[in-house]
Structures are given as structure tokens and as C-alpha cells.
Number of protein chains: 2
Amino acid sequence: MTKPADRISRRQVDKFEERRRQLADAALQTLSELGYARTSLREIAQNSEFSHGVLHYYFRDKVELITYCVRQYKARCVLRYDGIVHDAEEPDALARDFAEGLAATLVEDALLHRLWYDLRSQSLFEESFRADVADIDESLERMIWRVVGRYAELAGIEPTCSSSMAYATFDGLFQQALLRHLAGSELATDDLKAGARHLLSHLVCA
Amino acid sequence: MTKPADRISRRQVDKFEERRRQLADAALQTLSELGYARTSLREIAQNSEFSHGVLHYYFRDKVELITYCVRQYKARCVLRYDGIVHDAEEPDALARDFAEGLAATLVEDALLHRLWYDLRSQSLFEESFRADVADIDESLERMIWRVVGRYAELAGIEPTCSSSMAYATFDGLFQQALLRHLAGSELATDDLKAGARHLLSHLVCA
DNA sequence: AGAAAATCTTGACAGTTGTCCAAGATCCTC
DNA sequence: GAGGATCTTGGACAACTGTCAAGATTTTCT
């Protein structure tokens, strides 16, 4: 029922958006390998199947490209973490699965997490990223709070700390585990699991 | 009793080291303003009273300069935090003073802390910084553990978590507070204080 | 098929970067 | 104060950066 012009423009828009996603994927890969400071547009293009000039056809400038990347990264995050929140019937099972999920993504997506902490640091210097980074941070905080809330519910108790504090401590735990994991420590994942369960039972729900 | 040659060389060494410190100071200031990604040698030199060429007289290359900076930063850290650990007689007083100290440095040294988290992220990409950064991390962990140990001692109880976990959670708390403080939030310091006391009483010492 | 629109490549540009070096300035010792 | 060691300058260099535009190529529509 759409008019021809609509179909055309919609297909064009779709293709346009698809290519943006494609290029942002290459950018995300390059960023996660090299970090923000060492990633150039030519390097990104080399990780795609296009030449460097095309980036300015799909993105106004470098900032817009990276901002788009950050948004795309956020989508992945939410997707990834949503699998962790899970409808267990026992608080212990929830704690175990949550800890396992954290440890799994720590290892599997280590480079992406490394990039996240890099970009979050950059956002403290580069005004342009701040809003998007804060947005991701908030969605991560909500994700943690869903886990905590469900855990408290199953255990029949009330959380003893705020949402932001829960996120801050879990994030600290995860970041430290990432540092040690990337430094080659074998204990990082087990410590993260133990730490997460300890945190859940002792801090957020006393 | 030292021979003339010794006196000369020692004085030269001293002067040499003093200038290195001086240049590293300028570098540290520039880094804390612009962040690692945007700091160039010429920018550093402009923040000192020398020209850019002199940097390669005192440092082999940029990596050596920044590594030297990181070490100098560490010295400041230890100094700063040592004032916080304090010989209170009451656990509550210790918790209060510790929380106050954290909140104070959060505000006063916000730019230096921002730089620290930036450099720690960089160390995950740039192999050269990793050792020094890990060194600072360990000394911060020991600092936290001294506070926790003293608190437990005064309260007549035992810490319920490991040293690394205590550091991870406090660091997460602090980092989140820094993010919010730099974003202009007025609540950041108060939340940090409350969070630190809560952490001390509920987590590390149940 | 052929015109029109879109997509993509290539090369150039101006600016910045880390690095190095020759020459000058400054300091110290005799 | 001369002479030599030490320190500092400023410029040159090649490599790299983001950006842009003209032209080649492909796709789309009639």
C-alpha cells in the first residue's frame, strides 16, 4: 500500500542504515583492539571492506561515528545482560547463575569490556560522548538493580542499599576482575564469582 | 669525604633528576587536563618553561616520560591516602574520617583521579604502562586494607572479605562518585560518604 | 538501454605528531 | 676570562591524522 516513492526512500534509508551499522561494526572491532587513543579512520576502514573515504559519506565526522558506535555497543550490552537476569525460583540459584553470567562475559567479551572502560574514561575528557556513556551506565545500573530486586524478592527481604551503590560495587568488582583477567590471572573469574555472590548476600541484601 | 668527581657527578645527577621531576610535573598537569589521548609533547612543553626539544634530552621517548609521570603520580597517591588512615579509637570515628577523606580528595583532586582512571584504561592497551599501573593499584589496595583492618580491629571483629574485594568495591564506589561529581552532581560527595560507611559496616566487616 | 541517482575510490590538503639534530646559550672549572 | 662540559633552542623530518572533493563505478528507475 505504500507509494513507490515511499518504498524507494525506505529501502534507501534501510540500506543506508545497514551500511552505517556495518561500518560501525568495523569501528567497534578496531576500537576494541587498539583502544580509543590509537584508532584512526584509516585503520577502521582497513577492518572493513571499504576505503577510508566512505566513512565521511556515512558519518559527518569522527565524533559522529564513534558516538554511533557507542550506541551500538549499548544495544549489545543490554542484549547480553538481559540473558543473565533469569526467572529462578531460588535466591541461591539466581546468585549462582548471575555470578556465572558475569564470569562468562568477562572472558568472552573481555575486549569489548576493555573498550567500555576506555570510552567511559574518554567521556570524562570529551564532552561529546558524555551523554551516551551516561545513558549506558544508567541502563547497566538498572540491569544490576533488576537482579538485586529479584534476589531480594526471592529471599523475602529488602535491599539494604541504593541502586547506584549496588551498581558501583558490582562494577568495581567486575572492572578489577577484568584487569586481572587481561593481565593473565587465572583466579580472576573465580574471584569474580565468589565476590559477586558475597556482595549479593552481604551487602545489597543484609 | 667524597672526591671532587663524585661531588660533581652527584650534583649533576641531582639536577638532572630535579629537572625530570619538573618536566614530569608539567606533563602530569597537561595529562590531567587533556587526558592521555589528547596530550602531545609540545603541549606538555608549553605547560613548562622549556621548549619541546628538551623533553628528549631528559627522556628517551614519550613512553618513558609518561611512565615516569605515572610513578610520580603514585608517590602523590600514597602520600595523599596515608593522611586518611588515622589512629582513631572508635570504629565509628574511623569510618567517619575515612569517608570524609574520600569525599575531600574526590573534590580536591578530581582531575588527578580522572587521569588515574584514564591511565589505568590505557594500561590495558599499552603494555608499557601495565607494570607501573598494577603497582599503584596494589598500593591502593593495601591502603584500603589498612583502613578495613583497623576498623575491624577497633570493632573487635574480623573482615569478612578479601583484600582485593574490599579494594574493588571501594574503588567502584569512588569511580562512580567521580563520574557523577564531574558531571556536576551535587549529591556525589554525600552519596560517597554514605556508601563508604555502609560498605565498611555491612560488607567487609559483617 | 540509457539517464539519473547512489555509492565508492583515490588522491590531495593542511595540520599535528614523535623524533632527531645542529647550532647556540649557559654554566662550571681551571 | 678561556675552554669545555652541560643544557637548551628552534627547526627539519617523515609519518600520520581528519577532512574533503572530483571522478569512477555501481545501482536504480523509466
Side-chain angles (χ1 to χ4, degrees), chain A residues 2-27 30-31 33-69 122 125-126 128-129, chain B residues 2-27 30-31 33-69 122 125-126 128-129:
Chain A
T2 52
K3 283 186 261 176
D6 284 342
R7 254 188 288 131
I8 292 171
S9 72
R10 188 150 56 84
R11 180 171 50 205
Q12 283 169 355
V13 166
D14 286 353
K15 185 174 181 186
F16 192 79
E17 269 307 318
E18 186 192 330
R19 184 117 309 167
R20 275 167 74 100
R21 267 193 294 274
Q22 188 179 353
L23 291 172
D25 257 339
T30 313
L31 282 166
E33 280 171 11
L34 303 179
Y36 175 82
R38 273 161 286 279
T39 294
S40 72
L41 294 183
R42 283 169 175 81
E43 197 84 33
I44 293 173
Q46 272 190 333
N47 274 340
S48 79
E49 46 183 349
F50 302 99
S51 68
H52 71 271
V54 85
L55 289 169
H56 279 84
Y57 183 80
Y58 290 100
F59 298 95
R60 187 165 9 94
D61 55 13
K62 192 186 182 182
V63 169
E64 190 188 283
L65 167 59
I66 296 200
T67 303
Y68 189 92
C69 281
Q122 291 310 314
F125 295 96
E126 184 89 40
S128 347
F129 306 153
Chain B
T2 53
K3 284 185 262 180
D6 284 344
R7 254 187 289 130
I8 291 172
S9 72
R10 190 150 56 85
R11 179 171 51 204
Q12 283 169 355
V13 167
D14 285 354
K15 187 174 179 187
F16 192 80
E17 268 307 317
E18 186 192 330
R19 184 117 309 167
R20 276 167 73 98
R21 268 193 293 274
Q22 188 180 354
L23 290 172
D25 258 339
T30 313
L31 281 166
E33 281 172 10
L34 304 179
Y36 174 83
R38 273 162 287 279
T39 294
S40 71
L41 294 182
R42 283 169 175 82
E43 197 83 34
I44 293 173
Q46 271 190 335
N47 273 341
S48 78
E49 45 185 348
F50 301 97
S51 70
H52 71 271
V54 85
L55 289 170
H56 280 84
Y57 183 80
Y58 290 100
F59 298 95
R60 186 165 12 95
D61 55 12
K62 192 185 182 183
V63 170
E64 190 189 284
L65 166 60
I66 296 200
T67 303
Y68 190 93
C69 280
Q122 291 309 314
F125 295 96
E126 185 89 39
S128 348
F129 306 154

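Chain letters run A, B, ... following the sequence lines, proteins first, then strands; residues in each count from 1.
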Q: Using atom CZ of B:F16 as one end and atom P of D:dT6 as the other, report the distance to the nearest whole Å.
A: 11 Å
Q) A:F50 CZ to C:dT9 P: how many Å, rounded? A) 7 Å
Q: To the nearest 0.5 angstrom, please state how far the CG atom of A:L41 sits from the CG atom of A:L23.
A: 11.0 Å
Q: Name all pairs fulfilling the salt bridge (charged side-chain N to carboxylate O under 4.0 Å, His left out) condition that reach into residues 57-66 of chain A, sequence neighbours left out, sorted by first residue then second.
A: A:R20-A:E64, A:R60-A:E64
Q.
Considering only residues two or more places apart or on different chains, which pairs with a residue in residues 42-55 of chain B satisfy side chain to side chain donor-acceptor pair (under 3.5 Å)?
A. B:Q22-B:E49, B:T30-B:N47
Q: Pull out every residue in residues 36-46 of chain B that has a heavy atom closer than 4.0 Å to any atom of DNA chain D, ordered by number, or say none.
A: B:R42
Q | Whole-Å distance separating the CG atom of B:L65 from the P atom of C:dT17 | A | 14 Å
Q) What pair of heavy atoms forms the shortest contact from A:I44 to A:A26, and how long is it? A) O-CB, 3.9 Å
Q: Figure out the CG/C1' separation between B:L34 and C:dT17, and round it to whole Å.
A: 15 Å
**Q.** Euclidean distance, A:Y36 OH relative to B:Y36 OH, rounded to 0.5 Å
**A.** 13.5 Å
**Q.** Separation of D:dG18 C1' from A:I66 CD1 (nearest whole Å)
**A.** 12 Å
Q.
Can you list, in residue-number order, the parts of residues 56-64 of chain A that come under 4.0 Å of DNA chain C, counting heavy atoms only?
A. A:Y57, A:Y58
**Q.** Distance in angstrom units between B:E126 CD and C:dG18 C1', rounded
**A.** 13 Å
**Q.** Contacts of B:Y58 that satisfy side-chain hydrogen bond (donor to acceptor under 3.5 Å, both in side chains) - sequence neighbours left out
**A.** none
Q. How many angstroms lie between CZ in B:F125 and OG1 in A:T39, if you round to the nearest 0.5 Å?
A. 8.0 Å
Q. Excluding sequence neighbours, so at least two apart, what forms side-chain hydrogen bond (donor to acceptor under 3.5 Å, both in side chains) with A:S40?
A. none
Q.
Looking only at the side chain of A:V54 (C-beta and beyond, no hydrogens), which of the listed nucleotides C:dG11, C:dT9, D:dG11 gets closest?
A. C:dT9
Q) A:H52 has an atom NE2; how far is it from atom C1' of C:dG11, in whole Å? A) 8 Å
